[in-house]
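Order of the sequence lines sets the chain letters (A, B, ...), proteins ahead of strands, with each chain counted from 1.
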2 protein chains.
Amino acid sequence: MAVTLRDIAAEAGVSVMTVSNVINGNRSRVSQTTIDRVQRIVEARGYVPNVSARNLAARRSHVIGVLVPVAADDSLLMSPHNVAVIGGMERALRERGYHLLLRGIADPREVSEAVQAWDLDGALLLGFLDEEIDALDLPADVPLLALDSYASHPLATGVRTDDYQGGLLAGRLLLACGHREVLFAGPTFTDIGVVRQRFDGFRAAFVEAGIAWHDGLVASVTTTHDSGVDLGRELKARYPDVTAVFATADILAIGIIEGVTDAGGRVPRDVSVVGYDNLDIGAYVTPRLTTIAQDIGDKVAVAARMLLDAIDDPAAPRTGITLPVRVLERGSVGSPREA
Amino acid sequence: MAVTLRDIAAEAGVSVMTVSNVINGNRSRVSQTTIDRVQRIVEARGYVPNVSARNLAARRSHVIGVLVPVAADDSLLMSPHNVAVIGGMERALRERGYHLLLRGIADPREVSEAVQAWDLDGALLLGFLDEEIDALDLPADVPLLALDSYASHPLATGVRTDDYQGGLLAGRLLLACGHREVLFAGPTFTDIGVVRQRFDGFRAAFVEAGIAWHDGLVASVTTTHDSGVDLGRELKARYPDVTAVFATADILAIGIIEGVTDAGGRVPRDVSVVGYDNLDIGAYVTPRLTTIAQDIGDKVAVAARMLLDAIDDPAAPRTGITLPVRVLERGSVGSPREA
DNA sequence: CTGAAAGCGCTTACAG
DNA sequence: CTGAAAGCGCTTACAG
């Protein structure tokens with residue numbers, strides 16, 4: 001049988017509540033002598049508080065749910081971006097005494113279920129659509145943080161990078177190199193959201209430069225390597241005048257480069273490609289990927305802090321934070337060839 | 001206030017325990033009429049059982065800890081391999097009604113602490129050294145499963161792929177292409193463990209072929225892209241006669257290819273490279289990486305099943321399972337040039 | 001088929 | 001500075 005508070009209390013000759021106070025660092029309420037004695041016994045007996053009992057009594061869990069939508073194949077959406085976020089989050093939480101419950105969400109209702117069932121202190125929503133977030137029905141006192149979201153749900157006020165600026169920078173870069181026919185490649189988007197922002201920023205670069213941009217130059221594709229390859233292969237046929245592509249994700253951009261190469265083209269000589277994210281992998285491919293870089297570590301650190309602060313002080317007003325992005329020039333962008 | 005069992009019981013006019021039985025599917029103990037009535041109320045009120053209370057009373061948690069060592073920089077060891085495992089594990093657990101607690105372990109003692117504190121039903125150890133596993137001091141009744149481990153700890157009987165065979169296949173492949181001076185590149189290894197097995201298998205290929213292999217041809221490096229690059233750059237200088245490298249991880253192999261290329265060499269013309277794992281990324285680099293492929297999905301599925309079976313029947317004897325590996329030939333291996 | 005009661009291991013006002 | 005008691009929301013023998 002595991003050692004309990006009661007065992008410690010008996011051995012120390014004090015009440016259970018005194019031991020509890022020592023364990024929880026309520027030192028002002030206990031004499032130093034008692035603290036020392038109890039701590040020695042705790043140490044000697046290898047006492048470990050039972051999480052369930054503590055959570056039940058305290059009506060909170062010190063657990064943060066990291067909730068990730070599950071794709072059609074029922075497996076977690078573990079993009080390199082999400083992986084970096086989860087890893088960083090685990091670390092930030094551990095440092096502050098919280099734990100991470102990783103949970104795939106097949107139906108949005110499971111979000112509030114998870115929050116209730118686990119007495120979650122908070123939750124990080126990773127990769128949900130803004131519409132899904134807005135449709136969430138949650139107890140108002142549980143801090144939620146949706147990463148990279150433009151949802152208007154008040155609980156979801158969060159952290160994101162400057163997607164509009166990212167699009168703008170990508171547009172400017174390609175325009176500065178002399179490109180005029182540029183394809184925007186990314187997932188289907190609506191009036192709000194990450195992709196919309198990147199698109200608007202991208203288009204603004206053309207307006208700013210006084211250069212017309214063809215509405216038709218948008219390719220709606222899934223954000224995967226494979227669909228990038230497909231697009232790259234057909235690029236010449238479907239968009240004969242295009243000299244550059246702005247892809248909303250590195251993984252997609254890398255696929256596009258591969259597809260273009262497969263079809264006999266060369267990057268950046270025939271087609272320039274700009275990605276988005278700055279994943280490690282972009283540095284491993286040939287040519288190295290030019291991309292819009294966001295600092296995921298920063299983003300996670302800020303998100304963790306914001307979430308835990310909201311838990312400590314639920315009444316404090318929350319304002320979203322937008323982190324900067326920058327252009328990381330490597331080898332996949334050049335000037336267009338003469339026609 | 002959240003709805004509790006008692007609320008449901010009151011509304012249904014039955015005892016709390018009857019509701020509990022309905023919730024938990026002990027249908028043989030309740031009449032169909034009662035079941036229906038209770039279920040309707042549960043549905044209408046949006047009742048969600050409290051996990052802490054359930055765990056405390058039942059003395060089990062339905063939580064599986066996925067425990068990953070934290071590196072020197074305190075962040076989780078999220079290699080692509082581990083990521084795939086964690087993603088697959090979450091899914092397998094969710095399908096069977098379990099939850100995943102992701103936890104970085106800085107000190108091996110935290111393993112048993114976590115098990116105790118959370119009443120963990122089981123734990124998956126991911127990326128621990130065999131020595132660490134053998135040194136673990138755990139309550140005997142909590143199933144542990146160490147992936148890819150050769151530890152002798154009885155609780156750690158687990159699942160791994162055939163590392164010896166992997167090394168053997170890599171060796172045979174390179175020998176068949178005509179290579180004789182082959183460098184083995186991987187982390188420092190001892191008498192037991194994954195790397196030792198791959199090494200032994202690799203060397204056995206030479207013995208089998210009746211070809212001598214130079215003991216000096218082992219490069220001890222960390223399993224990272226960067227150290228691969230370093231090794232690749234110095235390859236010609238440090239190992240002038242070497243015509244091929246067998247790296248114990250794809251990420252390392254990819255770095256080596258890049259380093260060789262940086263130094264003006266060409267793969268596979270000047271140097272052939274074989275990796276290990278079959279990560280997605282191996283298909284994106286130039287040339288595409290030839291590698292020893294393991295089916296991580298399979299491995300995780302088997303591991304999840306084994307772990308949950310052990311939880312269901314702790315008395316059942318456990319035997320480790322070794323899954324097959326195969327050679328995946330792509331573009332990074334060729335014949336050595338004439339000297 | 002159903003229930004009353006004890007108990008899981010903690011924390012939290014409250015009292016002194 | 002310390003304690004007795006109630007209670008968190010469940011499950012588990014036990015009894016009928």
Would you please test Glu90(B) and Arg103(A) for salt bridge (charged side-chain N to carboxylate O under 4.0 Å, His left out) and show each step?
CA-CA 7 Å; Glu90(B) 194 281 336; Arg103(A) 176 92 152 72; 5.3 Å; no
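Asp36(A) places its CG atom 15 Å from the C1' atom of dC1(D), with the value rounded to the nearest Å. Atom CG of Asn50(B) and atom P of dC8(C) are 18 Å apart (whole Å). Between the CG atom of Asn21(B) and the C1' atom of dA13(D) there is a distance of 12 Å, rounded to whole Å. For the pair Ile23(B) CD1 and dT11(D) C1', the computed distance is 13 Å after rounding to whole Å. For Arg37(A) and dT2(D), the CZ to C1' distance is 12 Å, given to the nearest whole Å. Taking atom NE2 on His62(B) and atom P on dT11(D), their separation rounds to 10 Å, with Å as the unit. Whole-Å rounding puts the Asn55(B) CG to dG7(C) P distance at 21 Å.
The residue among Gly13(B) and Ala57(B) whose nearest nucleotide of DNA chain C lies closer to the 5′ end is Gly13(B).
Of the side-chain N and O atoms in Ser20(A), none sit less than 4.0 angstrom from OP1 or OP2 of dC10(C). The side chain of Asn24(A) contributes an N or O atom lying less than 4.0 Å from OP1 or OP2 of dT11(C). Contact annotation: Ser31(A) side-chain N/O to dT2(D) OP1/OP2 distance is under 4.0 Å. The shortest distance between the side-chain N/O atoms of Arg6(B) and the OP1/OP2 oxygens of dG9(D) is not below 4.0 Å. Within the structure, every side-chain polar atom (N or O) of Ser15(B) is placed at least 4.0 Å from both OP1 and OP2 of dT2(C).
Among Leu101(B), Leu100(B), Asn82(B), the one residue that satisfies the side chain to side chain contact (heavy atoms under 4.5 Å, CB included) test with Val66(B) is Leu100(B).
Residues Arg60(A) and Asp121(A) are paired through a salt bridge, judged by an N-O separation under 4.0 Å between the basic side chain and the carboxylate. A salt bridge links Arg96(A) with Asp309(A): the closest approach of a Lys/Arg side-chain nitrogen to an acidic carboxylate oxygen falls below 4.0 angstrom.
With dG7(D), dG3(C), dC10(D) as the candidates, the nucleotide lying closest to the side chain of Leu5(B) is dC10(D). Across dT12(D), dC8(C), dC8(D), the shortest atom-to-atom separation from the side chain of Arg59(B) is found for dC8(C). With dA13(C), dG9(C), dG9(D) as the choices, the nucleotide that has an atom nearest any side-chain atom of Met17(A) turns out to be dA13(C). Of the candidate nucleotides dT12(C), dG9(C), dC10(C), dG9(C) has the atom nearest to the side chain of Leu56(B).
Taking the six-membered ring for Trp and thresholds of 30 and 60 degrees, His62(B) and Tyr98(B) have ring planes inclined between 30 and 60 degrees apart.
Partners of Arg109(B) by side-chain hydrogen bond (donor to acceptor under 3.5 Å, both in side chains), not counting sequence neighbours, listed by chain and number: Asp107(B). Evaluation of the salt bridge (Lys or Arg N to Asp or Glu O under 4.0 Å) rule for Asp148(B) yields Lys299(B) as partners, not counting sequence neighbours.
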Pairing of DNA chain D as dot-bracket, 5' to 3': ( ) intra-strand, [ ] crossing, | other strand, . unpaired, with Watson-Crick or G-U pairs under 3.5 Å?
|||.||||||||.|||
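Judged purely by atom type and a 3.5 angstrom limit, Asp134(B) uses its side chain to pair as donor or acceptor with the backbone of Ser152(B).
Residue contacts for Thr34(A): at a heavy-atom cut-off of 4.0 Å it reaches the sugar-phosphate backbone alone, with no base atom in range. Among the heavy atoms of the strands lying under 4.0 Å from Val16(A) is at least one base atom, whether or not backbone atoms are also near.
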